[in-house]
Amino acid sequence: MGSGRKPFTRGGWLPSVRRLLAVAIPRTLKDVVMSTSAVPFTATILGSPRIGPNRELKRAVEKYWAGRIDRAELEAVAAQLRRDTWESLVAAGLDSVPVNTFSYYDQMLDTAVLVGALPTRVTGIADDLDRYFAAARGNDEVAPLEMTKWFDTNYHYLVPEFGPDTSFSLNPAKVLGELEEARAQGVPARPVIIGPVTFLALSKAVDGAGAPVSRLDELVDVYAELLKVLADKGVEWVQIDEPVLVTDIVDNAAELAERTYSRLGALTMRPAVLVATYFGELTDALPALARTAVEAIGVDLVAGSAAALAAVPELKDKLLVAGVVDGRNVWRTDLERALGSLDTLRGSAGAVAVSTSCSTLHVPYILDAEPDIDAALRSWLAFGFEKVTEVVALARGLGQGRDAISAEIATSNAAIASRTSDLRLNNGQVRARISAIVASGAKRGPADQRRIAQQERLKLPALPTTTIGSYPQTSAIRVARADLRTGTIDAAEYQRRMKAEIADVIALQEQLGLDVLVHGEPERNDMVQYFAEQLDGFFATQNGWVQSYGSRCVRPPILYGDVARPNPMTVEWITYAQSLTDKPVKGMLTGPVTILAWSFVRDDQPLAETAAQVALAIRDETVDLQSAGISIIQVDEPALRELLPLRSKDKAAYLNWAVDAFRLSTSGVADSTQIHTHLCYSEFGEVIGAIADLDADVTSIEAARSHMEVLGDLNAAGFSNSVGPGVYDIHSPRVPGVAEIATSLREALEAVPAERLWVNPDCGLKTRSTDEVRESLRNLVAATAKVRAG
Ligand code: GLN
Ligand code: ZN
């Protein structure tokens with residue numbers, strides 16, 4: 001447990017920033033404002049976190065939703081956060097500062113508002129903020145917009161909808177408001193908006209409308225209007241984000257880019273335009289963009305290489321905004337190397353500005369907020385604020401020569417040397433064990449052989465009933481966790497309370513008549529953090545919050561070193577649960593791919609190697625569970641789809657190592673030990689073959705909302721192991737009826753024979769109430785009995 005120091009509770013965030021800058025802020029903000037001509041800037045970032053260093057926005061928004069503060073109070077919190085952010089960015093030395101990157105919920109929703117494309121079901125809501133939040137979260141009358149992952153990050157955006165009647169109209173109030181605030185503060189403000197190609201490519205068609213991208217020309221009219229409004233306000237630079245251009249989401253990215261930016265570039269009344277791309281490498285969209293009249297192009301040089309840019313002669317008269325500082329991972333930049341690539345770029349572009357590779361939305365605010373972190377690890381890291389100082393140092397080095405930043409380079413080199421030589425990154429034993437296991441080709445027996453061995457051991461009825469792992473996180477659980485944190489109770493008392501929860505959950509499942517039980521996961525508030533806290537090679541932060549969606553924040557652990565499992569992590573809980581019942585209790589683990597997907601992962605070796613190390617740790621746990629008499633072990637991989645690369649050509653290699661990691665983690669047990677996995681959150685289309693290749697004995701998979709379609713897909717992929725398609729959706733409080741579940745089951749039986757069909761909900765039950773769970777599962781068991789009876 002940490003010292004409990006709360007770094008920001010007194011004096012706010014800026015004093016801490018000022019202290020780190022080591023000097024008093026030298027000039028008043030007004031002095032730092034650029035001249036009014038659109039001179040190229042030298043140092044910037046593409047966007048910044050907005051939730052607040054202490055999650056102030058989360059708290060304020062949630063209070064507003066609960067009716068505990070009014071709109072004025074909410075707006076005051078938001079304005080203060082913007083002010084603090086801009087002040088720190090200017091003080092650190094950026095000469096162009098992104099604005100309009102604040103959001104009450106999500107930037108895609110903000111863009112839908114900007115271009116007047118909210119779904120008609122909310123347009124009738126008179127108050128603009130109520131309308132906004134209704135689109136984001138729904139209310140009693142209207143369903144919210146769907147939410148999905150923002151490219152391959154852990155941020156989730158709201159998916160705009162395009163019906164046949166969706167029309168556009170410019171509504172620039174937010175961007176103009178933030179611009180005005182920033183200017184009043186003397187900030188060299190650069191409004192940021194999501195570009196039309198990206199906006200449309202990430203939207204979805206509804207009610208039989210054509211593909212949203214077919215509306216591009218119409219939408220570009222609205223952007224043209226916006227650029228004129230901004231020019232009228234004297235805006236020098238505007239940033240238009242087009243991350244979709246680095247993906248294969250649209251197949252004609254280059255053409256769409258050229259069409260859009262030729263038109264916008266040709267406008268006579270407009271600010272200078274920076275088209276920012278990130279999360280990957282621009283291929284043919286780069287020359288296409290460079291052929292247009294836009295003044296600047298932002299490229300991600302963490303994901304892509306500087307060398308490729310030399311081949312684009314049209315860059316010669318552009319400002320290249322070089323994203324050399326990783327905006328989405330937490331590692332300190334190798335300044336020497338970054339300066340080297342910046343220097344080579346000088347020959348390829350008209351001018352070079354230094355930037356982060358993407359918005360720093362994806363990393364925590366500031367390293368100083370993390371009290372209990374060892375000096376070596378601290379020296380390897382850079383959070384949002386530190387990344388800004390790296391950008392500024394590199395811009396100085398680029399402008400004035402290496403000697404101007406020799407001190408910064410020395411610090412960076414020392415950190416890199418320390419990181420390379422640290423024994424925690426070079427655990428020979430872990431590496432040797434993996435090689436040995438891989439070399440011995442350790443595999444489980446063929447699936448049929450396993451099925452027979454397991455049936456002999458488990459003697460389960462046809463259509464076995466089970467659940468996915470978690471039971472409701474009751475208030476008793478939350479109180480126990482808080483009491484342990486504050487020291488009100490000791491570890492032994494905490495243990496006792498968790499065991500009481502486990503006993504309740506086992507009793508409930510016995511009473512309901514489920515066939516395969518779970519312990520309920522009361523000891524985990526997060527399925528990755530729980531393991532990260534116990535594994536070598538991980539650091540679990542106390543304050544490293546990043547926005548996941550809306551007001552929801554997560555603290556991804558930092559996977560910095562070689563991974564090993566010093567002690568069993570779950571055995572005590574599971575064996576306790578098993579001691580209370582004669583029915584089998586499933587061991588419950590998180591899989592290697594999901595642990596990687598929800599952590600900040602070391603960048604000094606291929607992901608595949610890191611995945612294998614995590615897999616080995618999970619494998620060790622499965623072996624210990626088996627030795628402790630556990631006969632069924634579930635290894636969850638809900639994030640399998642999430643790490644899928646953005647470019648098609650990279651997908652097969654990813655799926656290969658992901659499947660290898662899962663198999664490494666599950667192949668240490670006997671054929672008679674049954675391995676389950678669980679997947680959810682996604683359309684499985686592109687990963688269906690990989691799911692089959694995981695070769696788990698039983699795969700539970702989200703299916704209720706897609707009406708069991710996934711079963712046909714699994715069959716088509718040649719999958720012939722057992723499967724538990726979710727028979728009801730746990731995301732809603734609605735209790736499913738017996739007849740309804742029976743219908744789902746009969747539907748499933750059309751695709752999968754009874755001997756390999758399991759019955760379970762769609763996902764874990766931790767977000768539901770105990771009453772809902774009891775009712776729903778009672779109906780699930782009753783429906784199964786009915787279908788078993790024929
Ligand atoms: N075992 C986990 C649970 O039930 C799985 C969660 C998930 O799929 N995201 O909560
Ligand atoms: Zn799930």
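Order of appearance sets the numbers: ligands from 1, and atoms from 1 within every ligand.
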Nearest candidate to atom 7 (C) of ligand 1, where distance is taken over non-hydrogen atoms, out of Gly764, Pro761, Ala639, Cys763: Cys763

Could [X] and [Y] be called an ion pair, given the rule that one side-chain N must be under 4.0 Å from one carboxylate O?
X: Asp693; Y: Arg663; value: no
X: Arg746; Y: Glu750; value: no
X: Asp483; Y: Arg496; value: no
X: Asp695; Y: Arg450; value: yes
X: Arg497; Y: Glu523; value: no

Among all protein heavy atoms, pick out the one at the shortest distance from [atom]; state its residue, atom name and that distance to 0.1 Å.
atom: atom 9 (N) of ligand 1; result: Tyr681 OH, 3.1 Å
atom: atom 6 (C) of ligand 1; result: Met527 SD, 3.5 Å
atom: atom 5 (C) of ligand 1; result: Asp636 OD2, 3.4 Å
atom: atom 3 (C) of ligand 1; result: Ser470 OG, 3.3 Å

If you count the atoms of ligand 1 from 1 in the order shown, which ones are under 4.0 Å from a heavy atom of [X]?
X: Met588; answer: 1 (N)
X: Ile468; answer: 1 (N), 4 (O)
X: His678; answer: 8 (O)

Backbone or side-chain N or O of Gln634 under 3.5 Å from ligand 1 N or O: no

Test of proximity, Trp598 against ligand 1: N or O pairs below 3.5 Å: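 For ligand 1, there is no N or O atom that lies under 3.5 Å from one belonging to Trp598.
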
Arg734 vs Glu740, salt bridge (charged side-chain N to carboxylate O under 4.0 Å, His left out): CA-CA, chis, key distance, verdict: CA-CA 12 Å; Arg734 203 176 69 85; Glu740 177 187 338; 2.7 Å; yes

Aromatic ring pairing Trp150/Tyr155, orientation class (parallel under 30°, perpendicular over 60°, tilted between): perpendicular

Distance-minimising heavy-atom pair for Gly469 and Val518: O-CG2, 3.4 Å

Apex the Zn ion (ligand 2) - arms NE2 from His678 and SG from Cys680 - angle rounded to 10°: 110°

